Amino acid sequence: MSVVPHSSETVTAQLPTPRLSPEGHDPQSTERIPVSGPLRRLLVWYGVASLGVYLALGAVNSVLLPL
Amino acid sequence: MDPAQKAANLAIVTAVGAVGGMIAQPIAGLLSDRTRTRWGRRAPWIFAGALLAAGGMVVLGGMTGLVGIGALYLLVMVALNIYFSPKAAVMPDRVPRGVRGLFSASGGLGVLVGITGGMGLGAVLSGTPAVGYTVLAVVIVLAAGGFALFNPDHDNRGEPRPPLQWTAFLRTFWVSPGGTPTSPGASSAGCSR
């Protein structure tokens with residue numbers, strides 16, 4: 001026999017807690033938060049990581065391929 | 001190698017590399033989803049992909065035969081996609097939806113500056129390909145290492161692994177042109193009604 005929760009306390013207890021990112025934010029949040037601290041650092045390195053890949057692709061594909 | 005066949009050789013090598021990268025990217029993403037380490041699920045793949053690409057580029061600089069160049073180029077493309085796919089997945093993993101546009105712009109800026117800068121760097125170092133490849137190898141390891149080191153992820157060893165469903169995974173390679181609202185066929189069909 002299944003037990004159906006009736007009290008608001010039980011329902012609240014069953015709501016999933018948002019899992020915060022290492023930067024301390026909820027990834028599902030649609031709120032436009034200020035990008036500072038660890039999130040800003042992630043933003044900068046996210047761009048740098050893209051830059052690294054495409055720097056290699058640009059150089060290897062265009063000129064350096066020794067054919 | 002025959003200089004007359006240069007364009008054909010380049011086409012073969014880049015085509016093989018593109019196919020390898022196309023296959024490697026979703027597989028790397030799938031495997032990283034299921035990875036459980038003290039450094040999280042993305043960082044080990046990002047760093048391993050960068051190391052593999054760097055090693056491949058250094059060896060590629062000394063290659064002279066078409067088969068060797070093709071094999072090394074394929075390795076580098078696969079490795080770069082092993083790096084790139086988990087790196088791209090960091091955004092939905094860790095960035096709030098409200099500011100993802102900013103992160104997308106940051107990644108896009110990296111693409112534009114990277115392609116342009118890479119072509120410039122390649123032109124400058126085209127006389128010494130071995131040096132060029134070594135510089136690129138160092139840059140890519142620093143970019144990946146900095147990303148993983150300065151932005152550590154949660155230890156996820158205690159998390160359950162999602163079930164591996166190869167049929168569902170293979171279906172992601174198929175996009176129905178008729179079923180996509182933004183496809184030209186769909187929009188013109190909508191206008192004619």
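Being a predicted model, the structure only gives us computed values, none of them experimental.
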Checklist entry - Would you say B/Arg94's side chain and A/Pro22's backbone share a donor-acceptor pair under 3.5 angstrom? => result no
Checklist entry - Going from CD1 on A/Ile33 to CG on B/Leu102, what distance comes out if it is rounded to the nearest 0.5 angstrom? => result 10.5 Å
Next on the checklist: Quick check on B/Arg38: does its CZ atom have over 12 non-hydrogen neighbours (other residues, nucleotides or ligands) under 6.0 Å away?
Outcome noted: no
Checklist entry - Of the backbone (N, CA, C, O) and the side chain (C-beta and beyond), which part of B/Leu142 lies under 4.5 Å from a heavy atom of chain A, both, or neither? => result backbone
Checklist entry - side chain to side chain contact (heavy atoms under 4.5 Å, CB included) between B/Met119 and A/Asn61: does it pass, once the steps are laid out? => result CA-CA 8 Å; B/Met119 289 169 78; A/Asn61 283 348; over 6 Å; no
Checklist entry - Does A/Tyr54 reach the side chain of B/Val113, with side-chain heavy atoms less than 4.5 Å apart? => result no
Checklist entry - Are more than 12 heavy atoms from other residues, nucleotides or ligands located less than 6.0 Å from atom CZ of B/Arg36? => result yes
Checklist outcome for this item: For A/Leu55 and B/Gly117 the tightest heavy-atom approach is CD1-C, 3.6 Å
Next on the checklist: Counting only non-hydrogen atoms closer than 4.5 Å, does B/Phe150 touch chain A with its backbone (N, CA, C, O), its side chain (CB onward), both, or neither?
Outcome noted: both
Item to check | Sub-4.5 Å side-chain heavy-atom contact between A/Leu42 and B/Val90 | outcome: yes
Item to check | chain A contacts, top residue of B/Gly132, B/Gly122, B/Ala123 (heavy-atom pairs, under 4.5 Å) | outcome: B/Gly122
Checklist entry - Taking atom OG of A/Ser50 and atom CZ of B/Phe103, what is their separation to the nearest 0.5 Å? => result 11.5 Å
Checklist outcome for this item: In terms of heavy-atom pairs under 4.5 Å with chain A, the winner among B/Gly107, B/Ser126, B/Ala50 is B/Gly107
Item to check | B/Leu109, part contacting chain A, at a heavy-atom distance under 4.5 Å | outcome: neither
Checklist entry - Applying the 4.5 Å side-chain criterion to the ILVMFWY set and letting contacts propagate, would B/Trp39 and B/Leu52 be lumped into a single cluster? => result no
Checklist entry - If two hydrophobic side chains count as joined below 4.5 Å and joins carry through other members, does B/Ile23 share a cluster with B/Val78? => result yes
Checklist outcome for this item: Residues A/Ala56 and B/Leu80: closest non-hydrogen pair is CB-CD1, 4.4 Å
Checklist entry - What part of B/Asn81 gets closer than 4.5 Å to chain A, counting heavy atoms only: side chain, backbone, both or neither? => result neither
Checklist entry - Is chain B contacted by the side chain of A/Glu23, its backbone, both, or neither, given a heavy-atom distance below 4.5 Å? => result side chain
Item to check | Heavy-atom donor-acceptor pair, B/Ser106 side chain to A/Leu43 backbone, under 3.5 Å | outcome: yes
Checklist outcome for this item: Of the listed A/Arg32, A/His25, A/Arg41, the one with the largest count of heavy-atom pairs under 4.5 Å with chain B is A/Arg41
Checklist entry - With a 4.5 angstrom heavy-atom cut-off, which part of A/Val48 approaches chain B: side chain, backbone, both or neither? => result both
Checklist entry - Does the pair B/Asn151 and A/Tyr46 meet the rule for a side chain to side chain contact (heavy atoms under 4.5 Å, CB included), with working shown? => result CA-CA 10 Å; B/Asn151 303 281; A/Tyr46 192 80; over 6 Å; no
Checklist entry - Under 4.5 Å between side-chain heavy atoms, hopping through other hydrophobics if needed: is there a path connecting B/Leu31 to B/Met22? => result no
Next on the checklist: Tell me the closest heavy-atom pair linking B/Val139 and A/Gly52, and the distance in Å.
Outcome noted: CG1-CA, 4.4 Å
Checklist entry - Where on B/Val111 is there a heavy atom nearer than 4.5 Å to chain A: the side chain, the backbone, both, or neither? => result both
Checklist outcome for this item: Taking every heavy atom of A/Ala49 against every heavy atom of B/Ala143, the minimum-distance pair comes out as CA-CB, 4.3 Å
Checklist entry - Cluster question for you: counting only ILVMFWY and a side-chain heavy-atom cut-off of under 4.5 Å, with indirect links fine, are B/Val13 and B/Val67 together? => result no
Checklist entry - Do the side chains of A/Leu51 and B/Tyr83 join up, straight or via other hydrophobic residues, at under 4.5 Å, putting them in one cluster? => result no
Checklist entry - Between B/Arg100 and A/Pro27, what is the shortest heavy-atom contact and its length? => result NH2-O, 2.9 Å
